[in-house]
Amino acid sequence: MSRSEEYTGLVQESTHVRRMKVMSNALGLIGDTPLLKLGRITKGLGVNIYVKCEHLNPSGSIKDRMALRMVEEAENGRRLKPGGTIIEQTSGNTGPALAFVGGVKGYEVRLFIPSKWTGTFNPVDRIRIMGFFGGEVEALDLAEYEGILKNLSDEVKAAAAIVVGMKRCFELERSDPKVWWPNQMCNVNNALAHRDTTGREILDQLQGRVDGWVASIGTGGTLLGVSEALRREDKAVRVVGVEPADAPFLGWVRDGTIHRFLDIFGVPGMKFLTETMLEKGLPDEVVTVTDGDAREMAYRLCRDEGLFCGISSGANVVAAIQLAKRLGRKANVVTVLVDRRDRYFSEHPAEHYVV
């Protein structure tokens, strides 16, 4: 082929532009994220690991999916009406997602975040993002509960911090009919968002060939919802849950810690998504990942793969590699890049793995 013929071919090819959708607002940008096969990180390991790039959602995290689903279901049920206020307790990612979704839809959003957690937790960057999207952020101070918490370990105090946030939301919702609390940890629409979108997308992207699914446990929504979608196609899919060493939420549910704090702080009993997950026999195993291992993998994902993702994402990939090695060379293991790295800048160089 001559140079002129080659050039003409390139011009002709370039005229076939892929049709792109035009969205009416930024909510239409949620989901349909790419699935990427890791290359340099898995070189020489002989394993197939795919990462769902949820850090590319509009507010920068996977939480956009469940925030939109919970809000729209509340609107459909007339629980959330024009002029209403959305409230929620958060450790960092749900807050920006709700502020983003609520802001686009015209709601006020109030968010409550622990003033102190375990390790090097510093949420200032997450708080800034919430504010940029229009959210009002209030730090939760545990000082008034010191009599209850003074002899507890840092790990158990982290469970208490969650329940203090739930108590604040419960009381506000009860006192004002215009206030709506999605209660992300107990809201089934959290999991359904991932069953109906994230899980289906993964199946489509890999033509149903998924052998393992790995995700941080957190509220349980992502792990549970995607697992249900995958196991509808293949009941043999191996499911691995990932937890920080200092915030084992699944353990708090199993041993009753979280329900004891609900009782102590006067919050009515409620069923957590993680309880539903356990009833369904999920996950098949739990992997605990340290801050250091999660942080180093997040660095590698950025340096070696060009993926600007956060610490939870690093933890997920650490666990995915462990599973892939056990399942063998031909197995397809999928995990998720949860959020963007920029929401952890204030913690650098000792970023904390918290979900």
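Numbers for residues simply follow the sequence, beginning at 1.
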Distance-only donor-acceptor check, side chains D293 and Y353, under 3.5 Å |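 Judged by distance alone, the side chains do not pair up.
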Should [X] and [Y] count as an ion pair when the cut-off is N to O under 4.0 Å?
X: D263; Y: R260; value: no
X: R343; Y: E351; value: no
X: K63; Y: E88; value: no
X: R79; Y: E73; value: no
X: R340; Y: D342; value: yes
X: E228; Y: R232; value: no
X: D304; Y: K43; value: no

Taking all non-hydrogen atoms of both residues, which atom of [X] and which atom of [Y] are closest, and how far apart?
X: N190; Y: G221; result: OD1-CA, 3.2 Å
X: I129; Y: P96; result: CG2-CB, 3.7 Å
X: C309; Y: A298; result: O-CB, 4.1 Å
X: P283; Y: M277; result: CD-CE, 4.2 Å
X: P58; Y: A26; result: CG-O, 3.8 Å
X: I113; Y: P123; result: CD1-CB, 3.4 Å

In one Ile/Leu/Val/Met/Phe/Trp/Tyr side-chain cluster, 4.5 Å: [X], [Y]:
X: I162; Y: L152; value: yes
X: W180; Y: V104; value: yes
X: V287; Y: L337; value: yes
X: V47; Y: V214; value: yes
X: V156; Y: F272; value: yes

Would you compute the distance between atom [atom1] of [X] and atom [atom2] of [Y] and round it to the nearest 0.5 angstrom?
X: L56; Y: D64; atom1: CG; atom2: CG; result: 11.0 Å
X: Y299; Y: I311; atom1: OH; atom2: CD1; result: 6.5 Å
X: L282; Y: W213; atom1: CG; atom2: CH2; result: 12.0 Å
X: L98; Y: L68; atom1: CG; atom2: CG; result: 10.5 Å
X: E136; Y: L111; atom1: CD; atom2: CG; result: 9.0 Å
X: L307; Y: C302; atom1: CG; atom2: SG; result: 8.0 Å

Around atom CD of Q322, are there more than 12 heavy atoms of other residues, nucleotides or ligands at under 6.0 Å?
->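 Yes - once you tally the heavy atoms of other residues, nucleotides and ligands closer than 6.0 Å, there are more than 12.
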Tell me, yes or no, whether the heavy-atom count around F132 atom CZ, taken from other residues, nucleotides or ligands under 6.0 Å, exceeds 12.
->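 Incorrect, the count does not exceed 12.
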Taking [X] for the side chain and [Y] for the main chain, is one N or O donor matched with an acceptor at less than 3.5 Å?
X: D234; Y: A236; result: yes
X: N189; Y: R69; result: no
X: E347; Y: H352; result: yes
X: R40; Y: R300; result: no
X: T198; Y: V226; result: no
X: D284; Y: V239; result: yes
X: N76; Y: E72; result: yes
X: R200; Y: A229; result: no
X: S313; Y: V338; result: yes
X: Q89; Y: C169; result: no

Are [X] and [Y] close enough that some pair of their side-chain heavy atoms sits under 4.5 Å apart?
X: I148; Y: F265; value: yes
X: L172; Y: F112; value: yes
X: V242; Y: V318; value: no

Donor-acceptor pairs are to be reported for all side-chain atoms of residues 29-38 against protein atoms at under 3.5 Å, with residues two or more places apart or in another chain.
from, atom 1, to, atom 2, distance (Å)
T33, OG1, K52, NZ, 3.2
T33, OG1, E54, OE2, 2.5
T33, OG1, R65, NH2, 3.4
K37, NZ, N48, OD1, 3.1

List the steps, then state whether side-chain hydrogen bond (donor to acceptor under 3.5 Å, both in side chains) holds for T219 with Q184.
-> CA-CA 7 Å; T219 65; Q184 58 173 320; 5.0 Å; no
Take I41 and I321 through the side chain to side chain contact (heavy atoms under 4.5 Å, CB included) test and state the conclusion after the steps.
-> CA-CA 9 Å; I41 284 177; I321 289 174; 4.0 Å; yes
Exactly one of [options] should register a side-chain contact (heavy atoms from CB on, under 4.5 Å) with [X]. Which one does?
X: E275; options: M185, K280, H259; value: H259
X: L230; options: D211, V334, I202, L206; value: I202
X: V317; options: T42, L301, V289; value: L301

Stepwise, does the side chain to side chain contact (heavy atoms under 4.5 Å, CB included) test hold for I264 with Y145?
-> CA-CA 10 Å; I264 289 169; Y145 304 103; over 6 Å; no
Given the rule in the side chain to side chain contact (heavy atoms under 4.5 Å, CB included) test, do K105 and N25 qualify, once you have shown the distances and angles that lead to the verdict?
-> CA-CA 10 Å; K105 284 179 168 285; N25 61 49; over 6 Å; no
Evaluate the criterion side chain to side chain contact (heavy atoms under 4.5 Å, CB included) for residue pair Y107 and E75; output intermediate values, then yes/no.
-> CA-CA 11 Å; Y107 299 111; E75 289 173 329; 2.6 Å; yes
Give the ring-plane orientation class for W252 versus F249, where under 30° counts as parallel, over 60° as perpendicular and anything between as tilted.
->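 Judged by the thresholds at 30° and 60°, the geometry between W252 and F249 is perpendicular.
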